Number of protein chains: 2
Amino acid sequence: MTQQTEPARRKPLNRDRVLRAAVALADRAGIEALSMRSLAHELDVVPMALYKHVANKEQLLDGMVDVIVGEIDPPAGDADWKSAIRRRILSARRALLRHPWASRVIESRTSPTPGVLDYLNSIIGMFRAGGLSADLTHHAMHALGSRVWGFTQELFPASPGPAPADADPQALAALLGEMATRYPHIIEIVLARPHDGESVVGQGCDDQFEFEFALDLLLDGFERLHRQGWTSAERF
Amino acid sequence: MTQQTEPARRKPLNRDRVLRAAVALADRAGIEALSMRSLAHELDVVPMALYKHVANKEQLLDGMVDVIVGEIDPPAGDADWKSAIRRRILSARRALLRHPWASRVIESRTSPTPGVLDYLNSIIGMFRAGGLSADLTHHAMHALGSRVWGFTQELFPASPGPAPADADPQALAALLGEMATRYPHIIEIVLARPHDGESVVGQGCDDQFEFEFALDLLLDGFERLHRQGWTSAERF
DNA sequence: ACCTGAACACCGTTCAAGT
DNA sequence: ACCTGAACACCGTTCAAGT
């Protein structure tokens, strides 16, 4: 406890400060700008100093995931399991959206951290508390996949066109015309957005709507199977 | 046509040969072993020679994705849209499973290649031919997400334990005991596999079953909404 | 005993020198 | 005009030398 004999050059580094700085750096400069060297520079230490607190870069990324998972709200006291799980997953989604790099880092992890296991254990417990069998819950978790984290792989990351920032409206219209002849079905459904039908190009989809659409479709499906007393012994 | 004046030191390099060699190298040595340098070494050329055929490494990876997408079977002549789409997606899954690195590379692409657009256009066309509205098809494609490629992000990549290759059975049992007290719900559903209930640790799940479970749940959901005349103007 | 600068073994890509 | 070796600006991590 009386350890202030050390000359206080810098704030003493610890694992938590390293992880928080890494999250902040990734938030600000992007995950591709996060390197052991750039993080060390950020913390005003020599790169090797980081290796006192994380074994290697993989463990640094693991720790960053746990920081984000810690931001997910605990379960609220909903009456039914479906809305409780729905609410929790949407909370995870908000946490993920605050850190645009997080979904890609979660995808890249090869073994789960304690924080990840705690979250998954808790979600599974919510299904079981709702009365779903361990069997059905097992398959439900697989079906949700990365959706338990509040994200899914987007097919069209930003825009369907090859040159999204191209400012020339005439070239853009020509491009759309080419696309329409070669990929008529894609163009049709991209434009099939009744709510904001004014713009020529669909300027991206309502990601939140799409996420909830698929989530509700799955949750409703689980509920239906549960009511039917489904087991994996028989295919439905 | 009379161009054999060139002394034939090596087979002439072209884009197709570069892409095929890259796919073969990734299949054999893993995607992390694929670098512009290692690929050049494989083809007995100097690294810079590759830049004649691909602009950079990103474009190389794009080309590799197109090679794999080209392996997906064309649509079979199924009577109903649901089984036609199901069959096609399961064909995509087989192509992906032949190249374990492919799903991660597809995830990492930032803009779609022509081959990718052709495939997506074709799947969308199958929904439309089945009578689904452009609106519902739009949301269906989002809900499928990366599942149109035949893969989904697995929550437990290999095994739930931190030391999968640990041979000591006593230590493994102790680890399982620790896990069971800390993550009781996870352990319960991991063990809830009626078909191969003999093994103590569930030795991984039946990925094919899980994939088809979720795929069918989604396709059945789309069919139900279609029959109800659902539109995104109203929430279901 | 502890800390850390230099070094190692890589990357993708640029560029100028050589033929 | 074409090809390519060396170089540049990075990585994550090791390791031995210095205090």
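We name chains A, B, ... by the order of the sequence lines, and we start the count at 1 in each one. Here the structure is a predicted model, which means the values were calculated and not measured.
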Under a 3.5 Å threshold, yes or no: a donor from one side chain and an acceptor from the other, between [X] and [Y]?
X       : Y        : answer
A:Arg88 : A:Ser122 : yes
B:Asp62 : B:Thr113 : no
A:Glu71 : A:His99  : yes

When the distance from [atom1] of [X] to [atom2] of [N] is rounded to whole Å, what number comes out?
X       : N      : atom1 : atom2 : value
A:Glu32 : C:dG12 : CD    : C1'   : 15 Å
A:Leu34 : D:dC10 : CG    : C1'   : 15 Å
A:Leu39 : D:dC11 : CG    : P     : 12 Å
A:Leu50 : D:dT14 : CG    : P     : 14 Å

Let's see if you can work this out: which of C:dG5, C:dG12, D:dG5 has an atom nearest to the side-chain heavy atoms of B:Tyr51?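 Closest nucleotide to the B:Tyr51 side chain: C:dG12.
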Given C:dG5, D:dG12, D:dT4, identify the nucleotide with an atom nearest to the side chain of A:Ser35.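 Closest nucleotide among those given: D:dG12.
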Mapping A:Met36 and B:Arg37 to their closest nucleotides on DNA chain D, which lands nearer the 5' end?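 With A:Met36 and B:Arg37 compared, the 5'-side residue is B:Arg37.
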Looking at [Y] and [X], is there a salt bridge between them, counting it only when a charged N and a carboxylate O are closer than 4.0 Å?
X        : Y        : answer
B:Arg182 : A:Asp118 : yes
B:Arg37  : B:Glu42  : no
B:Glu212 : B:Arg86  : yes

Could you list, one pair per line, each protein nitrogen or oxygen that sits under 3.5 Å from a nitrogen or oxygen of nucleotides 15-19 of chain C, together with the distance?
none

Ignoring hydrogens, what is the shortest heavy-atom contact between B:Pro114 and A:Tyr183? Give both atom names and the distance.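 Reported closest heavy-atom pair: CA-OH, 3.6 Å.
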If you measure from NZ on A:Lys57 to OH on A:Tyr51, what distance do you get to the nearest 0.5 Å?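 Between A:Lys57 NZ and A:Tyr51 OH, I get 9.0 Å after rounding to 0.5 Å.
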Within 45° of the ring axis of A:Phe211 and under 6.0 Å from its six-membered ring centre, is that where the NZ or CZ of A:Arg93 lies?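 Cation-pi check for A:Arg93 and A:Phe211: passes.
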With distance as the sole test, does B:His138 use its side chain to make a donor-acceptor pair with the main-chain N or O of A:Ile189 at under 3.5 Å?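 At least one qualifying donor-acceptor pair exists.
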Taking only N and O in the side chain of B:Lys52, is any of them less than 4.0 Å away from OP1 or OP2 of D:dT4?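 So the side-chain polar atoms of B:Lys52 never come under 4.0 Å of the phosphate oxygens OP1 or OP2 of D:dT4.
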Is the distance between the ring centroids of A:His139 and B:Phe209 under 6.0 Å?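 Ring centroids of B:Phe209 and A:His139 are less than 6.0 Å from each other.
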What base-paired stems does DNA chain D take part in, with at least 3 consecutive Watson-Crick or G-U wobble pairs and both distances under 3.5 Å?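 The stems are C:4-8 with D:12-16, C:12-16 with D:4-8.
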Give me the distance, rounded to whole Å, that separates C:dG18 from D:dC8 when you measure between the P atoms they each carry.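 Going atom to atom, P in each nucleotide, I get 16 Å.
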Contacting residues from residues 54-65 of chain A, given that a heavy atom lies under 4.0 angstrom of DNA chain D: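 Result for residues 54-65 of chain A: A:Asn56, A:Lys57, sorted by number.
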